[in-house]
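Atom set for the values below is all heavy atoms of this structure, side chains included, hydrogens, waters and symmetry mates excluded.
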Amino acid sequence: MATPVSSQALRADDASVSEARSAFSAAAAPLLAGGRVRGIGFKDVTVAYGGLVVLASLTLDVRPGEIVALIGPSGSGKTTALRAVAGFVRPTRGRITIGDRDVTDVAPYARNIGMVVQNYALFPHMRAEENVAFGLRARGVSHAVVRERVPECLRLVGMEAYAKRFPRELSGGQQQRVAIARALAIRPQVLLLDEPLSALDAQIRRSMLDELAKLHRDLPSLTVLYVTHDQTEALTLADHIGIMRDGKLVAFGASRTLYRHPPNRFSAEFLGRANLLPVTSLEPKAGGLAQVRFGEAVLAATNPHGLPQGSQCLLCVRPHDLRLREGEGTHNILAGIVESVQWQGDLHAIALNVQGHKLRLTCAPLGAPPEAGTPLALAFDPHDVTLVPETPPEKPGG
Amino acid sequence: MADLAVTSSPGSVRLPPGIWAVPPLLVLGALFFYPLSLILRQALFGDEGAFSLAHFGEVVGSRLFLDGLYHTLVIAVSATAGCLLLGFVLSLVIAFVPFPGAKLVGRLIDTFIALPTFLVALAFTFIYGSSGLLNESLMRLLDLSLPPVDFLYSQWGVILSEITVYTPFVMRPLLAAFSLVEASQIEVASSLGAKPMRIVRQIILPAALPALIAGGSLCLLLTVNEFGIVLFIGAKDVITLPLLIYDKAIQEFDYTTACIIAVVNVALSLGLYSLYRVAVAHLAGSRAGLV
Ligand SMILES: Nc1ncnc2c1ncn2[C@@H]1O[C@H](COP(=O)(O)OP(=O)(O)O)[C@@H](O)[C@H]1O
Ligand SMILES: [Mg+2]
């Protein structure tokens, strides 16, 4: 089992991304988020229900104005982490901060948080505009401000024409927009989203994803914690991604870095598809590369985690980073027998048996695809593949 | 279902569609409408058999009757208000405040509905009666010669007993309604800055409104017609319509007067019931698709 990581430990490699982000944030004037931009901090946060630990010592920083996605299989503790920020579960240990304010002991209604949940949770007896106004009224905001801000928030999510509708008169996607407007109306310092798109069908999910991305471009100072089990949502939206498993944060990093250089097997397999081949690290080479042995073959790969010479590790090759060998190249070649070829419209998916290991490759549709049972050689760029530490074998059921 | 319809349709005799309404109507007529018509006849024709509204007017205008009507209404309305308030608060706690045994309490309340109503009046007599637990202890403790607590033998005793007995009738629909309120709605409301009282007022209460109206109307109906509790408490100057009917018919053998009062009582009940139907229909209409 992988040990929990802290976000600071893995921050080093993504300075350029966050620099770009903060320059953007500074340039755009805060449109809706009132006051100072604030981040979210988890410090050693542990949540247990009757002795059963469901969130184990989570330490994580969401920087002001950035989107962090927490991703992981069902039951891994993502929602629990989110609810701890909102104040609906009391950590058994650890502190939670919003900006430099410790909110661990603050009541939920006093935390100034916007929250959007999977089932929208719109108030059924209130019209869309009344839903949006609810938080403002609860805060005793003057009527004039309510009248001004409710249409503003509805416009932000493209729902101004539906202000008078009841939730039951709206589609799922429209309800989710109203829920987002409702959360934004109070000008929260942070926005918490718990699988906001998972109840929508695929097409609407795709367009809502685009709109969420646009929303954050419009509101660059809004700090967002986004819980999902969908890697596309996480990769599309998030600056940083945390991967959860069994209540633990097993990986954290800039989205691109985490995708390209996963720190462990679980991350490699959960965030995107991966071929993982057992290799032995041979010797370091220039430019952060290392030579590894895979059966008879000697291959080159990046070694971002600095795995020592002679260690048993995994070679992580993304299916789209494999190419059919062209010409007579001799470096970084994986040769095997074709097991199956599938045409999926916009791509070809090929499965290969390479020295007893299954290898998947996707590529643009081929004019003359290889046939099952024939030999095939694949090549890859050493900069596209990463050495991942081999984790000890899992206990069954663990 | 499907093959049943197929096998029965070709050979079987076709009955007129209304035929199945006849047996229940017959039973209803024999058990309900016939006695009701007898009462109505007795009220309007009296023992002499001649139609006259004079006696009717006399009874309805009498001091005794007006007092009875007044007490009936005051007791029913107060008890119903009490039931609604107590029922709402108790259901709120059971449904939304997590405490061990909440389920058990809910089930106990269900059992409570099954008990005869006068049992509570009896229990109250043991506790608050002039020689009950409370008075005995107070008299011994404070060295008094007369029982200091005597609210039981008044309108208040009746109202308190009725609240105790009928609150579960309000709680049952309320608990059902509360169980349909999504926890996430309450959580979102509180993250938007709403304190518990506002959440109760604006999120929970609207969701519980149909249940409150249904439970309250049922309470009103039951308390208007309550007989056992009033009889058991036996407060001297608390005479309600059902008690008056009993007095006239059983004690004084004045069946005509008893029937006249009974007619008013039935009219009152039916009136309340129609009001309840109208309220429910209106509510259902304005929230079509919601419930
Ligand atoms: N109120 C609760 N009582 C007991 N166990 C809970 C409670 N809430 C969540 N859990 C458990 O905590 C674990 C993590 O849940 P959750 O945070 O909802 O996971 P995720 O959102 O990643 O699917 C699950 O095993 C779940 O059963
Ligand atoms: Mg969840």
Side-chain angles (χ1 to χ4, degrees), chain A residues 49-50 79 82-83 85-89 103 106-126 130-141 165-170 178-196 199, chain B residues 88 91-92 95-104 173-216 279-291:
Chain A
Y49 289 111
T79 297
L82 199 95
R83 288 164 55 81
V85 179
F88 301 125
V89 286
V103 295
V106 174
Y109 62 79
R111 292 195 182 196
N112 200 28
I113 277 171
M115 196 165 91
V116 177
V117 295
Q118 184 178 349
N119 62 358
Y120 329 128
L122 291 180
F123 309 131
H125 53 280
M126 295 184 200
E130 292 164 335
N131 266 280
V132 176
F134 181 87
L136 297 172
R137 299 230 165 90
R139 281 147 197 265
V141 170
R165 297 254 188 121
F166 282 102
R168 62 174 182 273
E169 299 165 340
L170 298 171
V178 174
I180 291 168
R182 176 178 65 178
L184 292 176
I186 59 167
R187 299 193 172 171
Q189 287 154 342
V190 303
L191 182 63
L192 307 178
L193 298 153
D194 190 359
E195 311 216 9
Chain B
F88 188 72
S91 308
L92 213 55
F96 295 110
V97 183
F99 66 93
K103 260 222 178 79
L104 186 76
L174 268 183
L175 284 173
F178 286 170
S179 71
L180 297 178
V181 177
E182 285 170 33
S184 58
Q185 276 178 27
I186 292 171
E187 289 186 354
V188 165
S190 94
S191 80
L192 286 169
K195 294 187 185 139
M197 271 316 290
R198 179 180 288 269
I199 293 178
V200 168
R201 256 191 355 258
Q202 299 194 336
I203 311 295
I204 295 175
L205 197 58
L209 210 56
L212 274 175
I213 289 180
V280 167
H282 178 74
L283 216 69
S286 71
R287 320 177 146 218
L290 186 68
V291 269

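Proximity to chain B involves both the backbone and the side chain of A/Arg137, based on heavy atoms less than 4.5 angstrom apart. Contact annotation for A/Leu136: neither backbone nor side-chain heavy atoms come within less than 4.5 Å of a heavy atom of chain B. For a residue to count as touching a neighbouring chain, one of its non-hydrogen atoms must lie under 4.5 Å from one of that chain's; by this rule A/Ala183 touches chain B with the backbone only.
Below 4.5 Å, heavy atoms of chain A meet heavy atoms from B/Ser191, B/Leu192, B/Gly193, B/Ala194, B/Lys195, B/Pro196, B/Arg198, all part of residues 191-200 of chain B. Along residues 176-184 of chain B, the residues that come nearer than 4.5 angstrom to chain A, judged on non-hydrogen atoms, are B/Glu182, B/Ser184 in order of number.
The shortest distance between side-chain heavy atoms of B/Ile203 and A/Met126 falls below 4.5 Å.
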Point to revise | Test log, rule side chain to side chain contact (heavy atoms under 4.5 Å, CB included), inputs A/Arg182 and B/Val188 | key: CA-CA 10 Å; A/Arg182 176 178 65 178; B/Val188 165; 3.3 Å; yes

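A salt bridge (Lys or Arg N to Asp or Glu O under 4.0 Å) check over residues 107-122 of chain A, counting only residues at least two apart or in different chains, returns nothing.
Listed by chain and residue number, nothing satisfies the side chain to side chain donor-acceptor pair (under 3.5 Å) test with B/Gln185 (two or more places apart in sequence, or in another chain).
Most heavy-atom pairs under 4.5 Å with chain B: of the set A/Asn112, A/Asp194, A/Asn119, this distinction falls to A/Asn119.
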